[in-house]
Structures are given as structure tokens and as C-alpha cells.
Amino acid sequence: MLDIKKIRENAASIQSELSKRGPRYSLQGLLDKDKKRKELLLKAEELKAKRNKASEEIAALKKIKQDASQLIQEMQGVSAEVKALDPEINSLTEEINEELLNIPNLPDSSVPAGKDEKDNQVIREWGIKPSFDFVARDHTDVGETLDILDFKTAAKLSGTRFAILKNNGAMLERAIISFFLDIHIQKHGYQEIWVPFLVNPQSLQGTGQLPKFESELFKCRDDELYLIPTAEVPVTNMHRDEILDAALLPRKYVCYTACFRREAGSYGKDTRGLIRNHQFNKVELVKFAKPENSFQELEDLTHDAEEVLQLLKIPYRVVALCSGDLGFSSAKTYDLEVWMPGESRYREISSCSNFTDYQARRMNIKYRDDNKTLQFVHTLNGSGVAIGRAFAAILENYQQKDGSVLLPEVLLKYTNGIKIINKA
RNA sequence: GGAGGCGUCGCAUAGUGGUUGAGUGCACCGGUCUUGAAAACCGGAGUCCGGGCAACUGGACCGAAGGUUCGAAUCCUUCCGCCUCCGCCA
């Protein structure tokens, strides 16, 4: 969340930065409540100071066995006043907090201004789009023909937007996961971590999914637990309420998890194939960084994610999200988009963001700076990268005229030497 | 699911209604001593929210929320978390 002190001091400029996101987030109600709360707080604290002092006097009087009944009577009145004020202050505090939780992060000044995804900026492109002497098919078509993807049976088990991977398809999914993990662990120096796929509401509030986006989450009926929409949630929350050792920053984690999203509101969109499923696999990169380095860390993290696509030799581009398309908690985001020949378009496969101190403030994650002052860390994360979409991209970019799919060379050591997927 | 135990300032602990402005040990920071270090000794240190140009100063915080009281780490209620044992189980 944003710092209430900064909002108080720079209301106008923060308001204008917020409005770059598009929908109006008004700070006025917040400021009014804050002012009211401060007045009441001052009053209550004065009363409490008075009471604390009198309590000492009463104790002293009782010790020498003198009568304190007049003071006690007086303090009964003071305590009654306090008892009236405190709940009012508490409910104002709660309301203020609630409003703060619903205000998104401020876009960084380097973020291109814009309304929606059409205003996103292509930063760079990599690779050569494959050319085929036949009509390229989409991954659903390719996968079903090879009997490695089965959406019909998945629908029987769970409904739409689920997939079953079969035969060498299941094997390929596993190979991609292992390959991504190994690159980030061995080459990029991330620490491997394995986490729960179910988390409590507090964790989701920490990273920003709650309270505003509950409808996107799968929730357990009998327990206060949610299925994670991304590994970002458990991994970032590992350090909730902690003071991190400055010498160990940046901390870099890589984590494979399944991810679960309700995709409410995306009815009719990408209903086919692997692109937008309720359950998908992802290898996630998460960093905790010092504020002065966080934007450089974002560049590095983005390059780390890009490298797995380069190694797979899949063409992609890097896009800077504009202010209107930015995620709720993010100050700056680069999307990686892979080329999908079957659709003749780019598809998002990774999203790399710097959340600055927004999540850290929600989660209370700090470190001591060079002056030994406590500061909030900056948190970052990015997909490195989504497995299902990488699977789809491989099928489309590596498809052959006869319907088979060649496998990227770098995967050979993970596929038990299988170089090509043919119909079983 | 059943029974029992426990949640105190980074860690470990003391503390059952009023000098608790939460003690002690370890760890931490500064100093003395030392060629340097260790040890020893001396001293200092928490977080959050306010007021003040500042020195400084008010309030809150002992898992959480309520309650009793002039006054709560301490008493009462509810909740949460952790541990141990039993049951069930991959």
C-alpha cells in the first residue's frame, strides 16, 4: 500500500500520478478520515496521559495507606471518556486501512502513459519468426492430433479451461519445468524453493490479490484457504514481518508451482487450448532488493526470463506496460510475449514487475540501510516463464509438415533423448 | 477428530493487579584494556503512531480481539498459532 504520510504531505501530486492509471482513485475521503482520526487520537492520548499519571499517584497514596478515593472517582470519568473515544478511533483506522488496501501502486515515472494494452510500448524483439511451407496450425490442433493434449476428457473431469497432458506431452511439460529451474538456479543464481499451493487470506493481502480481487481466486469452502494464483504469493510472503539482513540483499528465489485462477470475466476469451486455463504450471522468479537497486534488478530479472526463451529459440518481444495496463501492485512491468505462428500473433508468456515498497509495506518486510535505519525492501517478481504457454509455443514454432513436433535442443537432456514427438 | 501443554523486546528465559519507565543470559553496537584480536570490564541499545526548529516529549505494543478495574504481561471470555500424545491416513 501507499504511505499515508506521503499521501498527507503530497496529496495533489499523488492524486495526479494515480489518475495515470485511468479510473479515478479519489484520495479525498481518505484525507478527511485521516484528519478526523488524528484529532480524536490527540484527545484520547491526552486523556490517557492524565490517567497514567494519576494511576502512579494512586499507587503512591495506597502505599503509604492514604485515601485516594477522590482521584479514583475522577479517573472513572476520564476512563469513561477514553472508552468512548477508542472504538471511534479504531473504526476510523480500519476504514482508512481498508481504503489504502484498495489504492493501487503509483506508476514509475519511466512507465509510458496510456489507457490500455494498445498503448504498451515494444522495447525490443528477439529471434526470427519461423516460416513454413504449409499452413501453420495452432497448438491445440497440433497437440490433439499427436494425442498429447486432451481437452475433452479434462472437461469431463473438471470442466472447461482444464487440460490433460498425455504421453510425450506429459513428459515435455516435466522437461520444461526442470529446464527452467536448472537455468535459473545454476546460471542465474536463484535459490530454489518449494512452497504450499494453499495459502491464508493474510498472504493474499500481502501481495495485493485481496481484498480487491477475491473473485479471481479459488477458495476452499470449509477452510480459510485459497489456491495460489501464482507462486509470487507464498514466496514473497515467506519474509512477511521480517527484517532482512542487508548483506544478503538481493535475495533471489525461483519456485515452481501450479497456479489456479478462476478467470472470472474472461468468458469467451481464449477458451481453446492451453492459453488461459484454470490450472497451469509456472516457474516464478522472486526478488527482495534494496530500493536504490530495484529498477536495475527488474532489468536483470527480465533478462533472466528472456534467456530461457532464447535458449529454446522461440521468437519473442519485450513490451513495457503503459500506465493504464499496469497491474494493481506494480510500479513498472515488462511483459514477454512469444510468437505464436498458429495464431500469427504474440502471446504473453511472462510478466516481470517491480512492486517497489508497495507489497513490502503491506507485508512489513524491512532491512537496515547503511545508517542502520529500518527501510522497506523492494519486491519484484516475474514468470521465468509460464510452462503451459511455453509448451504451446514449442508446439507451434517447432511443428513439422507431417504433424510431428521437433523438440528444442536444450531440452534433450530432459527428454530422455527424445528429439521429436510423433503420433503415438 | 480426541487429550494435554505453550505463546513475553533478534534468540532463550524471569515475571500472577500498582517504583514494570518489562528484569536476566546470549547475540548486537560503542568504549577501556591489547601490536591486533579474543577474553574481561564499563556503557548503550526495540518497534509503531503523534507533538516540537531542536534538546526533548505524549501515546501504544508481552499471539489477536473483547471484558473486569482508577490501574492488566498478570484476572475473565472468545479466537488464532505452535508443540506433544492418541486416532485416521499418502
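Every value quoted in this text rests on a predicted model; they were computed, and no experiment measured them. Naming convention: chains lettered A, B, ... in sequence-line order (proteins, then strands); numbering from 1 in each chain.
- Look at C85(B): its Watson-Crick or wobble partner, with both distances under 3.5 angstrom, is G2(B).
- Counting only heavy atoms from C-beta on, Lys366(A) has its side chain closest to U47(B) among U47(B), C49(B), C70(B).
- One atom, CZ of Arg362(A), and another, P of C48(B), lie 20 Å apart when rounded to the nearest Å.
- Comparing G18(B), C49(B), A60(B) by their nearest atom to the side chain of Arg37(A) picks out C49(B).
- Only the C1' atoms considered, U47(B) is 15 Å distant from U8(B), to the nearest whole Å.
- Between Phe295(A) and His378(A), the distance from one ring center to the other does not fall under 6.0 angstrom.
- Shown here, G25(B) forms a base pair with C11(B); the pair counts as Watson-Crick or G-U wobble because both key distances fall under 3.5 Å.
- Comparing C26(B) with C41(B), their P atoms are spaced 9 Å from each other, to the whole Å.
- Of the candidate nucleotides G50(B), G66(B), G58(B), G58(B) has the atom lying nearest to any side-chain atom of Glu45(A).
- Under the side-chain contact (heavy atoms from CB on, under 4.5 Å) test applied with Phe179(A), the options Leu412(A), Ile387(A), Leu312(A), Thr415(A) reduce to a single match, Leu312(A).
- Atom-to-atom, CD of Glu46(A) to P of A60(B) comes out at 13 Å; the value is rounded to the nearest Å.
- Backbone-only engagement by Asn90(A) is indicated by non-hydrogen atom pairs under 4.0 Å involving sugar-phosphate atoms exclusively.
- When His184(A), His239(A), Glu192(A) are each tested for a side-chain hydrogen bond (donor to acceptor under 3.5 Å, both in side chains) with Tyr253(A), only one passes: His239(A).
- For Lys252(A) against His188(A), the heavy-atom pair with the smallest separation is NZ-O, 2.8 Å.
- Distance check on atom P: C86(B) versus A27(B) gives 39 Å, rounded to whole Å.
- Of all heavy-atom pairs spanning Glu57(A) and Leu71(A), the tightest one is OE1-CD1, 3.6 Å.
- Within the nucleic acid shown, Leu374(A) comes within 4.0 Å of sugar-phosphate atoms alone, with no base atom in reach, counting heavy atoms only.
- In this structure, Glu39(A) atom CD and G59(B) atom C1' are separated by 17 Å, rounded to whole Å.
- Remark: Asn364(A) is not in phosphate contact with C48(B), judged by side-chain N or O atoms under 4.0 Å from OP1 or OP2.
- Counting only heavy atoms from C-beta on, Ile72(A) has its side chain closest to C70(B) among C70(B), C49(B), C48(B).
- Nucleotide G71(B): unpaired (no Watson-Crick or G-U wobble partner with both distances less than 3.5 Å).
- Counting to the nearest Å, the P atom of C49(B) and the NZ atom of Lys6(A) are 12 Å from each other.
- Spacing of C1' atoms, U69(B) relative to A14(B), comes out at 26 Å, to the nearest Å.
- The C1' atoms of A38(B) and U32(B) are separated by 15 Å, rounded to the nearest whole Å.
- Among the protein residues, Lys50(A) comes within range of no part of the nucleic acid, since none of its heavy atoms lies under 4.0 Å from any strand.
- Rounded to an integer number of Å, the gap from CG of Leu42(A) to C1' of U57(B) is 13 Å.
- Residue order along RNA chain B, read from the 5' end via each residue's closest nucleotide, puts Lys38(A) first among Lys38(A) and Gln76(A).
- Within the shown strands, A60(B) is the pairing partner of U47(B) under the Watson-Crick or G-U definition, both distances less than 3.5 Å.
- Between the CG atom of Leu248(A) and the P atom of G10(B) there is a distance of 19 Å, given to the nearest Å.
- Remark: Arg8(A) is in phosphate contact with G50(B), judged by side-chain N or O atoms under 4.0 Å from OP1 or OP2.
- Across all strands shown, the partner of U77(B) is A65(B), judged by Watson-Crick or G-U wobble contacts whose two distances both fall under 3.5 Å.
- Among the heavy atoms of the strands lying under 4.0 Å from Lys62(A) is at least one base atom, whether or not backbone atoms are also near.
- Between His139(A) and Tyr398(A), the distance from one ring center to the other does not fall under 6.0 angstrom.
- To the nearest angstrom, P of G63(B) lies 15 Å from CG of Asp241(A).
- The same atom, P, is picked in C75(B) and in C62(B); the two are 14 Å apart, to the nearest Å.
- Comparing the P positions of G66(B) and A73(B) gives a spacing of 15 Å, expressed to the nearest Å.
- In terms of heavy-atom proximity, Tyr256(A) sits nearest to Asn281(A) at OH-OD1, 2.5 Å.
- The side chain of Asn52(A) contributes no N or O atom lying less than 4.0 Å from OP1 or OP2 of G71(B).
- Across all strands shown, C53(B) forms no Watson-Crick or G-U wobble pair with both distances under 3.5 Å.
- Closest approach to the Ala49(A) side chain among G59(B), G51(B), G71(B) is made by G59(B) (side chain taken as heavy atoms from C-beta onward).
- Under the 3.5 Å distance criterion, with hydrogens and angles disregarded, no donor-acceptor pair is assigned to the side chains of Gln15(A) and Tyr25(A).
- Taking every side-chain heavy atom of Lys5(A) into account, C49(B) is the closest of G51(B), U68(B), C49(B).
- G23(B) sits 15 Å from G15(B) when the P atoms are compared, rounded to a whole Å.
- In this structure, Tyr367(A) places its OH atom 19 Å from C1' of G10(B), rounding to the nearest Å.
- When each of Lys83(A) and Lys53(A) is assigned the nucleotide of RNA chain B with its nearest heavy atom, Lys53(A) is the one assigned upstream, toward the 5' end.
- Distance from the side chain of Ser79(A) is smallest for G71(B) among the nucleotides G71(B), G59(B), G18(B).
- In this entry G36(B) has no Watson-Crick or G-U wobble partner, no candidate having both defining distances under 3.5 Å.
- Considering only side-chain atoms of Arg368(A), the nucleotide from A60(B), G50(B), U47(B) that sits closest is U47(B).
- At the heavy-atom level, Ile58(A) lies under 4.0 Å from base atoms of the strands shown.
- Contact check on Glu95(A) versus Lys33(A) returns a salt bridge, with a Lys/Arg side-chain nitrogen under 4.0 Å from an Asp/Glu carboxylate oxygen.
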